[in-house]
J.: 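Could you have a look at this structure, given as structure tokens, before my questions?
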Amino acid sequence: MKNKFLLIALMGLFLTGAYAQESEKPAYNKWSIEGGVGLNKPYRNFSPGYRSPTPGLWGAELGVRYMINEYFGFKGSFIYDCFSEDDDSPAFDTDLYSFNVQGVANMGRIMKFENWTNTFNLLAHAGAGVGTMKYDVDAGDDYTGILLAGLTGQAKLSPRVTLFGDVTAMDNIRPNLSFNGGPQVNNMALIMKGTIGLSIALGKNAVHADWYLSDKSMYDALDTRVTAVENGLTQNTSADKQLENRVAELGTKVDNLDQKVSTLPTGAAEVDPNELIAKLINDGYVNIYFDFNSSKVKGSVNTINVLRTYLINNPGVNVDLLGYADERGTEEYNVKLSQKRADAVAEMLTKAGVDPSRLNAQGKGEDVSINTDSPEAYQLARRVSFQIK
């Protein structure tokens with residue numbers, strides 16, 4: 001009885017809230033007709049040895065719904081379910097016909113789904129009804145009370161047509177017989193139902209209450225989206241600032257390189273290209289960079305090719321491969337990580353045709369010379385540099 005009073009109180013809450021929020025004549029349709037078919041599974045009230053399939057076939061529902069406003073309403077529906085035996089059960093065939101009235105809450109509008117979608121929605125419903133069980137045995141009809149509650153997912157196909165999928169729990173109160181027509185086993189016989197169907201809006205307006213957005217709801221949704229755009233712009237501004245800093249760093253390096261090149265001899269007979277390349281390598285203009293916590297060489301093919309070409313053209317030259325890590329992590333871990341990075345570059349050069357005896361891979365650990373005030377600076381620390389010998 002407590003469940004019954006709780007469900008009736010819940011229906012009253014739905015309807016009270018609905019009337020409390022009703023104001024001027026709305027610009028949406030209130031009525032809809034609904035129909036669907038589905039599966040069922042009865043529990044707890046079978047004679048020993050009797051069972052039904054999981055799930056069982058089949059059930060059908062036909063109803064009408066009235067929304068007092070875009071948040072609350074009620075519906076009445078006729079439900080048919082049939083139950084029969086599974087492969088390991090004695091044969092039986094039972095039909096349940098029931099009629100119910102339920103309160104409906106538009107959870108999509110209550111929880112402001114409009115902030116992220118106008119295509120999917122969720123309804124909650126609960127109520128009570130009466131039912132008649134008809135058996136294939138000579139036991140007479142069995143009349144029961146019914147309490148039911150469930151959730152309905154919606155997908156809008158058009159302004160008037162909605163596809164729905166519903167899950168409902170039904171409690172048959174004090175049946176005289178079991179589901180198979182034998183003596184009663186449990187006075188609360190549970191049925192779980194799954195239904196899929198269509199809801200068709202009735203009325204002259206362009207939108208149904210399920211999907212209606214009041215001016216305030218539209219404002220709130222727009223405000224949420226504007227806030228998201230503003231947050232995105234703030235993040236873009238931060239990213240632009242980091243890019244600006246990096247471009248400035250690159251510009252400084254280019255200026256330094258230009259100054260160094262300008263100090264080199266300019267006469268054709270005096271310029272040694274190999275000497276110029278070696279100077280650029282030793283001065284730190286040729287580096288291979290790595291992702292955070294990674295020793296995988298990627299995106300550095302051109303840099304490695306510069307070094308490979310130089311070493312092949314100068315067979316008497318050796319090179320130190322100096323691996324570095326940023327300051328995050330323990331010192332011991334960063335030494336190992338920097339060694340892995342140096343070894344990875346050495347392996348790639350070896351596979352490219354450079355004699356491994358000319359390569360000296362060294363893990364130098366953390367590069368503490370980098371200014372870590374900017375997140376971009378950590379990228380400069382995660383590298384392998386080179387020293388020509």
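Side chains included, hydrogens not; waters and symmetry mates left out as well; all remaining heavy atoms used. All values reported here derive from a predicted model rather than from experimental measurement. All residue numbers in this chain count up from 1 along the given sequence.
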J.: Does a donor on one side chain and an acceptor on the other come within less than 3.5 Å for Asp93 and Ser84?
T.: no

J.: Within a strict 4.5 Å, meaning less than it, do heavy atoms of the Leu177 and Val137 side chains meet?
T.: no

J.: Classify the side-chain pair Asp320/Gln387 by whether it contains a donor and acceptor separated by less than 3.5 Å.
T.: no

J.: Please step through side chain to side chain contact (heavy atoms under 4.5 Å, CB included) for the pair Met67 and Asp210, ending with a clear verdict.
T.: CA-CA 8 Å; Met67 297 300 292; Asp210 293 348; 4.0 Å; yes

J.: Taking it one step at a time, do Thr168 and Thr152 satisfy side chain to side chain contact (heavy atoms under 4.5 Å, CB included)?
T.: CA-CA 8 Å; Thr168 294; Thr152 305; over 6 Å; no

J.: Starting from Leu39, can I reach Phe78 by hopping between I/L/V/M/F/W/Y residues whose side chains sit under 4.5 Å apart?
T.: yes

J.: Do Ile277 and Leu321 sit in one hydrophobic cluster, given that two such residues count as connected whenever their side-chain heavy atoms are within less than 4.5 Å of each other, even indirectly?
T.: yes

J.: I'd like to check Lys156 versus Asn121 (side-chain heavy atoms, cut-off strictly below 4.5 Å). Are they in contact?
T.: no

J.: Take Asn100 and Met170 through the side chain to side chain contact (heavy atoms under 4.5 Å, CB included) test and state the conclusion after the steps.
T.: CA-CA 11 Å; Asn100 64 81; Met170 296 175 54; over 6 Å; no

J.: Nearest 0.5 Å, please: how far is CG in Leu147 from OG1 in Thr144?
T.: 10.0 Å

J.: Show your reasoning for whether side chain to side chain contact (heavy atoms under 4.5 Å, CB included) applies to Ile191 and Leu96.
T.: CA-CA 11 Å; Ile191 303 170; Leu96 170 61; 3.6 Å; yes

J.: State whether the side chain of Arg174 and the backbone N or O of Gly145 hold a donor-acceptor pair below 3.5 Å, judged by distance alone.
T.: no

J.: Is there side-chain contact between Phe164 and Thr195, with at least one heavy-atom pair below 4.5 Å?
T.: yes

J.: If the condition is ring pair (Phe, Tyr, Trp, His ring centres under 6.0 Å), which residues does Phe46 pass it with, not counting sequence neighbours?
T.: Phe92, Phe179

J.: Regarding Asp326 and Arg382, does a basic nitrogen lie under 4.0 Å from an acidic carboxylate oxygen?
T.: yes

J.: Work out which heavy atom in Ala105 is nearest to a heavy atom in Ile110; give both atom names and the distance.
T.: CB-CD1, 4.2 Å

J.: Shared ILVMFWY cluster between Trp31 and Ile68, side chains joined below 4.5 angstrom?
T.: yes

J.: Within 45 degrees of the axis of the six-membered ring of Tyr71 and under 6.0 Å from its centre: does Arg109 put its NZ or CZ there?
T.: no

J.: Would you please say whether a donor-acceptor pair under 3.5 Å links the side chains of Thr54 and Lys41?
T.: yes

J.: Any idea which heavy atoms bring Val207 and Ala27 closest together, and the distance?
T.: CG1-O, 3.8 Å

J.: When you compare the side chain of Asn180 with that of Glu85, does any pair of heavy atoms fall below 4.5 Å?
T.: no

J.: Looking at every heavy atom in both Asp141 and Lys134, which two are closest together, and how far apart are they?
T.: OD2-NZ, 2.8 Å

J.: Would Leu151 end up clustered with Leu163 when hydrophobic side chains under 4.5 Å apart are linked, directly or stepwise?
T.: no

J.: What closest approach, in Å, do Ser89 and Tyr50 show between heavy atoms, and which atom pair accounts for it?
T.: OG-CA, 3.3 Å

J.: Taking 4.0 angstrom as the limit, do Lys351 and Glu347 come out as a salt bridge?
T.: yes

J.: Could you tell me which non-hydrogen atom of Ser295 sits nearest to which non-hydrogen atom of Ala344, and how far apart they are?
T.: O-CB, 3.4 Å

J.: Quick one, His208 and Arg65 - any side-chain contact, counting heavy atoms below 4.5 Å?
T.: yes

J.: Between Leu380 and Tyr289, is there a side-chain heavy-atom distance shorter than 4.5 Å?
T.: yes

J.: Would a 4.5 Å heavy-atom cut-off, applied to side chains only, mark Leu337 and Arg341 as touching?
T.: yes

J.: Side chains of Asn318 and Asn360: any donor to acceptor distance under 3.5 Å?
T.: no

J.: Working to the nearest 0.5 Å, report the span between CZ of Phe386 and CD1 of Ile304.
T.: 6.5 Å

J.: About how many Å separate CD of Gln362 and OH of Tyr324, when rounded to the nearest 0.5 Å?
T.: 8.5 Å

J.: For Tyr97, which residues count as a ring pair (Phe, Tyr, Trp, His ring centres under 6.0 Å) partner, sequence neighbours excluded?
T.: Tyr80

J.: Do Ser178 and Asn45 have side-chain atoms, one donor and one acceptor, less than 3.5 Å apart?
T.: no

J.: What pair of heavy atoms forms the shortest contact from Asn40 to Gly59, and how long is it?
T.: ND2-N, 4.1 Å

J.: For the CG atom of Leu198 and the CD atom of Gln154, what is their distance to the nearest 0.5 Å?
T.: 11.5 Å

J.: Atom NZ of Lys193 and atom CD1 of Ile79: how far apart are they, to the nearest 0.5 Å?
T.: 5.5 Å

J.: Atom CZ of Arg308 and atom CG of Asn313: how far apart are they, to the nearest 0.5 Å?
T.: 9.5 Å

J.: Do you reckon Met348 sits in the same ILVMFWY cluster as Ile281, going by side-chain contacts under 4.5 Å, direct or chained?
T.: yes

J.: Looking only at atom types and distance, does a side-chain atom of Asn29 sit under 3.5 Å from a main-chain N or O of Lys204, one as donor and one as acceptor?
T.: yes

J.: Side chains of Asn176 and Asp142 only: does a donor on one sit below 3.5 Å from an acceptor on the other?
T.: yes

J.: Measure the shortest side-chain to side-chain distance between Ile388 and Leu307 over non-hydrogen atoms and say whether it is less than 4.5 angstrom.
T.: yes

